[in-house]
Amino acid sequence: MPSDHEQSHSAPTARRRSRTAALGVLVALSLTVSGCALLGGGSDGRPAAAPLPPETARPSSAPPEEIFPDAPTVKEPFRGSPALRWADGAAGIEVPEAKAVGGFSQKQVTQALAAVRELLVEANIKPATLRGEHPKAALDLLDPLQKDGRGLMESGLRKPTKDADPVMLFSRFDPTETRVLRDLVKTRGRITYEKGETDGELLIRADFSFVYPVVKVKTGNREVDRSVIRRELTFALYDPEEYETTPGKLFMVEWAMSSGNDDCARSVDGFLHPTFPSDRIGQPDTSAAPSGEAVDPYDRSKSLDDMPQECAETTRS
């Protein structure tokens, strides 16, 4: 019979931080007319914005705001947004150089980083996920033994609740209401890793923002707005000789998200619900009353723990 220090033990319980929903924008955006400026250089002759270098550390401040930002269009959906200079889709999810950590070899760290990157892509960039389809490939990267991780997400996908809401991990838009324009996504963030409490625990932290240009399904491409989703996620890879885990599968240790331009008044249904300027023209205000300070959804200089934890107005989209 093994001694106490030889016995495997359970992995820690996941910590779920609150979801912050931000509704609408304080800056007035003009309605979009299809067929405006071209991609790349603008129709006014301005050169295309130079792409930003990869993010390697937390920024010291939020991107500057324009006094009169350009409105998004069908052909230039990221006009007037800091995301114009961000990377496209999966290209914005880079992994750091892998080194041996604790009891994990360089090869094992490499594989764990690749799994986290794949999960981020499958959960936030894959077109089928954005359309609300079942994210099987992403779920398969998570440990089936973790009931408050993969199990919770699987439960939420079947029947979403406040405590089991799949948008905490997946960017999903109701396919009957909203679609992501041409499946475009802008991405910015970083991945770091470190040894956990024991040599048998590898922690991988991801902090990423995703920007989605969205249009209404029923009215087509006549109006474009954006949703900005930021996620702070911590995954763990555990040594199966030390922990009760499935070899090679990720545990969800901690996760939090904020959603810029997401209707706070909607009941939980497992989808994000962007609003559009036309929704607020000549219509009674039935949204949840925002509270506290306005939120800049592009501000990556603070942890989500240090930002408002309730429904709030956004300063831009």
Side-chain angles (χ1 to χ4, degrees), residues 1-17 89-90 92-126 128-129 133-158 163-172 187 189-208 231-257:
M1 181 174 179
S3 62
D4 288 344
H5 73 274
E6 292 176 323
Q7 293 178 1
S8 64
H9 50 275
S10 299
T13 299
R15 176 184 174 223
R16 299 183 297 278
R17 287 181 273 161
I93 304 179
E94 299 188 2
V95 297
E97 179 184 359
K99 298 180 181 179
V101 174
F104 295 91
S105 67
Q106 181 183 28
K107 181 179 179 180
Q108 289 174 310
V109 174
T110 297
Q111 292 172 338
L113 291 172
V116 169
R117 183 183 188 276
E118 183 181 355
L119 192 150
L120 291 170
V121 172
E122 291 287 338
N124 300 281
I125 296 173
K126 187 177 181 179
T129 302
E133 296 180 19
H134 189 76
K136 182 180 185 301
L139 289 168
D140 285 345
L141 294 165
L142 300 174
D143 197 322
L145 297 179
Q146 188 187 13
K147 301 305 180 185
D148 62 345
R150 176 173 172 173
L152 189 72
M153 289 295 96
E154 290 176 331
S155 174
L157 287 163
R158 292 191 298 269
D163 293 327
D165 189 348
V167 300
M168 289 296 298
L169 185 62
F170 305 109
S171 295
R172 311 173 75 241
T187 310
R190 64 193 181 279
I191 295 175
T192 60
Y193 64 94
E194 62 185 335
K195 173 180 167 294
E197 294 183 358
T198 72
D199 284 344
E201 181 183 50
L202 172 68
L203 297 177
I204 303 174
R205 306 184 192 280
D207 181 351
F208 280 89
R231 302 189 185 279
E232 288 183 344
L233 304 160
T234 301
F235 299 98
L237 182 68
Y238 290 109
D239 182 349
E241 293 187 3
E242 187 175 342
Y243 291 88
E244 297 174 3
T245 185
T246 304
K249 298 296 184 180
L250 299 169
F251 255 67
M252 296 177 63
V253 176
E254 185 176 48
W255 67 95
M257 64 93 73

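Keep in mind that this is a model prediction, so the values were computed, not measured. Atom set for the values below is all heavy atoms of this structure, side chains included, hydrogens, waters and symmetry mates excluded. Count residues from 1 along the sequence.
Between the OG1 atom in T246 and the CG atom in L145 there is a gap of 3.5 Å [rounded to 0.5 Å]. Note that CG of L237 is 10.0 Å distant from CG of L203, once rounded to the nearest 0.5 Å. Expressed to the nearest 0.5 Å, how far CG of L202 lies from CG of D239 amounts to 11.0 Å. To the nearest 0.5 Å, atom CD of residue E133 and atom NZ of residue K126 are 8.0 Å apart. Going from atom CD of Q111 over to atom CZ of F104 covers 11.5 Å, rounded to the nearest 0.5 Å. Atoms OG and CG, on S155 and D163 in that order, are 10.0 Å from each other to the nearest 0.5 Å.
The closest side-chain heavy-atom distance from P144 to L139 is not below 4.5 Å. Counting only heavy atoms from C-beta outward, the side chains of T110 and Q106 approach each other to under 4.5 Å. Put simply, the side chain of D143 does not reach to within 4.5 Å of the side chain of L250, judged on heavy atoms. The shortest distance between side-chain heavy atoms of E242 and T198 falls below 4.5 Å. Under the 4.5 Å side-chain criterion, counting only non-hydrogen atoms from C-beta, L142 is not in contact with K249. Contact check for L113 versus R117: no side-chain heavy atoms found under the 4.5 Å cut-off. F235 has its side chain within reach of M252: a pair of non-hydrogen atoms, C-beta onward, lies under 4.5 Å apart. Considering only heavy atoms from C-beta on, R172 comes within 4.5 Å of L157 through its side chain.
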task = Go through I93 and I191 one step at a time and tell me if the side chain to side chain contact (heavy atoms under 4.5 Å, CB included) criterion holds.
result = CA-CA 8 Å; I93 304 179; I191 295 175; 4.2 Å; yes
Does the side chain to side chain contact (heavy atoms under 4.5 Å, CB included) test come out yes or no for T187 and F208, once each step is laid out? CA-CA 7 Å; T187 310; F208 280 89; 3.9 Å; yes
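Between Y238 and F251, the ring-plane angle classifies as perpendicular under the 30° and 60° cut-offs.
Taking both residues in full, the closest heavy atoms of A112 and I204 are given as CB-CD1, 3.6 Å, listed atom of the first, atom of the second, then distance. The minimum heavy-atom distance between T129 and P135, with the atom names listed, is OG1-CB, 4.1 Å. Residues S171 and N124 approach most closely at OG-OD1, 3.0 Å, considering heavy atoms. When all heavy atoms of A236 and V253 are compared, the closest pair comes out as CB-CG2, 3.4 Å. When all heavy atoms of Y193 and E97 are compared, the pair lying nearest together is OH-O, 2.7 Å. Minimum interatomic distance between A138 and E122 (heavy atoms only, all atoms of both residues): CB-CB, 3.8 Å.
Surrounding NZ of K195 are more than 12 heavy atoms belonging to other residues, nucleotides or ligands, all under 6.0 Å away.
Using a 4.0 Å cut-off between charged side-chain N and carboxylate O, D140 and R150 make a salt bridge. Salt-bridge annotation for R205 and E194: present, with a side-chain N of the basic residue lying under 4.0 Å from a carboxylate O of the acidic one. By the 4.0 Å N-to-carboxylate-O rule, R231 lies too far from D207 to be salt-bridged with it.
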